[in-house]
Colleague: 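My questions all concern the structure below.
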Amino acid sequence: MDRIDLEIAEALEEDARLSFADLAGRLAMSKTPCWKRVKALEESGVVTGYHASLSPAALGLGVEAFVQIVLAPEEAPAFEAAVVRHPFVRRCHATTGDGDYLVHLVARDIAGLDRTLREELARMPGVQRTRTFVATREIKASHKLAQAARAAGLPGAG
């Protein structure tokens, strides 16, 4: 990955709907080499997809919570499969420290969150204990990994 690849990644993170002509124009290069670089970024796994960013609140999902989960270790594969299928789970990470997983989920309201926690999450395979943190407001949500790579001084970020 070189400087141009990183600039392409940054531009796509900013606006994934850019045409190849517009992207190439931003980078002062012709369309075909730009298209080839984007395809190479996709094939190498740097670009993993193109998504619309949706507002949970605008969709009626006004409550967000983070749930730390302690799990029976032998149940990890079944728990992970269940969490992947769950529609309210936005993200799930295996973690170090007091908990085994951190789950970010959405709910319509506090009653919906309570129902999801008690009737669904707590009953997933191997769940021994949960600790829930309700988000009161979002301070920052960033999808700009190319910017982080540049700030970290990674190859191509110079």
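Hydrogens, waters and symmetry mates are skipped; everything else that's a heavy atom, side chains included, is used. This one's a predicted model, so the numbers in the text were calculated from it and none came from an experiment.
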Colleague: Would you say that Ile8 contacts Leu27 through its side chain, given a criterion of any heavy-atom pair below 4.5 Å between the two side chains?
Modeller: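 SC-SC contact between Ile8 and Leu27 confirmed.
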
Colleague: Could you pull out the closest heavy-atom pair between Leu6 and Ala149, with the gap in Å?
Modeller: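 The answer is CD1-CB, 4.3 Å.
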
Colleague: Salt bridge (Lys or Arg N to Asp or Glu O under 4.0 Å) between Asp98 and Arg129: does it pass, once the steps are laid out?
Modeller: CA-CA 11 Å; Asp98 294 336; Arg129 188 171 65 251; over 6 Å; no

Colleague: For the side-chain contact (heavy atoms from CB on, under 4.5 Å) test, which of Val83, Leu105, Leu102, Val84 pairs with Cys92?
Modeller: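 Exactly one pass, corresponding to Val83.
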
Colleague: Would you say that more than 12 heavy atoms from the other residues, nucleotides or ligands in this model lie under 6.0 Å from the CZ of Arg131, or not?
Modeller: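 Atom CZ in Arg131 is not packed in, count stays at 12 or less.
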
Colleague: Given side chains that start at C-beta, do those of Val38 and Leu23 come closer than 4.5 Å, heavy atoms only?
Modeller: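 The answer is yes, as the side chains (C-beta and beyond) meet within the 4.5 Å cut-off.
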
Colleague: Is any side-chain heavy atom of Met29 closer than 4.5 Å to one of Ile4?
Modeller: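 Yes, at least one pair of side-chain atoms sits under 4.5 Å.
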
Colleague: Does the pair Glu43/Lys39 count as a salt bridge with the N-to-O cut at 4.0 Å?
Modeller: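 Salt bridge: no.
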
Colleague: Kindly give the heavy-atom pair with the smallest separation between Leu121 and Val127, and that separation in Å.
Modeller: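 So the two residues come closest at O-CG2, 3.5 Å.
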
Colleague: Tell me if a side-chain donor or acceptor on Glu64 pairs with a main-chain N or O of Val134 at a distance below 3.5 Å.
Modeller: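 Not at all, since once roles are kept as given, no pair shorter than 3.5 Å links the two residues.
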
Colleague: Consider only side-chain heavy atoms of I, L, V, M, F, W and Y, link residues closer than 4.5 Å, and tell whether Tyr50 and Phe20 are in one cluster.
Modeller: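 The answer is yes; both residues are in one hydrophobic cluster.
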
Colleague: When you measure from the side chain of Thr48 to the backbone N and O of Gly45, does any donor-acceptor pair fall under 3.5 Å?
Modeller: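 Looks like no, no N/O pair under 3.5 Å.
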
Colleague: Can a donor-acceptor pair be found, under 3.5 Å and without considering hydrogens, that links the side chain of Asp100 to the backbone of Val70?
Modeller: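 Checked: no pair found.
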
Colleague: Can you find a pair of side-chain heavy atoms, one from Glu10 and one from Arg150, that are under 4.5 Å apart?
Modeller: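 Yes, side chains in contact.
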
Colleague: Measure across Ala107 and Leu113 and return the closest heavy-atom pair with its distance rounded to 0.1 Å.
Modeller: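 Closest pair (atom of Ala107, atom of Leu113, distance): CB-N, 3.5 Å.
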
Colleague: With a 3.5 Å distance limit and no angle check, can you tell me whether His104 reaches the backbone of Val89 through a side-chain donor-acceptor pair?
Modeller: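 No, because the side chain of His104 does not come within donor-acceptor range (under 3.5 Å) of the backbone of Val89.
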
Colleague: Using every non-hydrogen atom in the two residues, find where Ala21 and Lys31 come nearest and quote the distance to one decimal.
Modeller: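 Heavy-atom minimum between the residues: N-CD, 3.7 Å.
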
Colleague: With hydrophobic residues grouped by side-chain heavy-atom distances under 4.5 Å, do Phe133 and Ile69 end up in a single group?
Modeller: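 In one cluster with Phe133: Ile69, no.
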
Colleague: Among the clusters formed by ILVMFWY side chains lying less than 4.5 Å apart, do Phe66 and Ile110 turn up in the same one?
Modeller: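 Not linked; separate clusters.
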
Colleague: Supply the atom-to-atom distance Arg108 CZ to Thr116 OG1, rounded to the nearest 0.5 angstrom.
Modeller: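 Rounded to the nearest 0.5 Å, the CZ-OG1 separation comes to 12.0 Å.
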
Colleague: Between His86 and Glu120, is there a side-chain donor-acceptor contact under 3.5 Å, judged purely by atom types and distance?
Modeller: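 The answer is yes; a qualifying pair exists.
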
Colleague: Would you confirm whether His93, through its side chain, and Thr95, through its main-chain N or O, come within 3.5 Å as a donor-acceptor pair?
Modeller: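 Not at all, since once roles are kept as given, no pair shorter than 3.5 Å links the two residues.
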
Colleague: Over 60° means perpendicular and under 30° means parallel, so tell me whether Tyr101 and Phe79 are parallel, tilted or perpendicular.
Modeller: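 Rings of Tyr101 and Phe79: tilted, 30 to 60°.
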
Colleague: Could you check whether atom CD of Glu14 has more than 12 heavy atoms from other residues, nucleotides or ligands sitting under 6.0 Å from it?
Modeller: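 No - once you tally the heavy atoms of other residues, nucleotides and ligands closer than 6.0 Å, there are 12 at most.
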
Colleague: If you compare all heavy atoms of Arg90 against all heavy atoms of Val106, which two are closest, and at what distance to 0.1 Å?
Modeller: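 It is CD-CG1, 3.3 Å.
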
Colleague: At their closest point, which heavy atom of Arg118 faces which heavy atom of Arg123, and how far apart are they?
Modeller: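 Result for this residue pair: O-NE, 3.8 Å.
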
Colleague: Do Arg37 and Asp2 have side chains that approach each other closer than 4.5 Å (heavy atoms only, starting at C-beta)?
Modeller: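 Counting from C-beta outward, Arg37 and Asp2 do come under 4.5 Å.
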
Colleague: Following the transitive rule for hydrophobic clusters with a side-chain heavy-atom cut-off under 4.5 Å over Ile, Leu, Val, Met, Phe, Trp and Tyr, establish whether Leu145 and Leu18 coincide in one cluster.
Modeller: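 In one cluster: no.
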
Colleague: Strictly below 4.0 Å, N to O, side chains only: are Arg26 and Asp15 in salt-bridge contact?
Modeller: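 Salt bridge absent between Arg26 and Asp15.
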
Colleague: Does any non-hydrogen side-chain atom of Thr132 lie less than 4.5 Å from one of Leu117?
Modeller: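 Counting from C-beta outward, Leu117 and Thr132 do come under 4.5 Å.
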
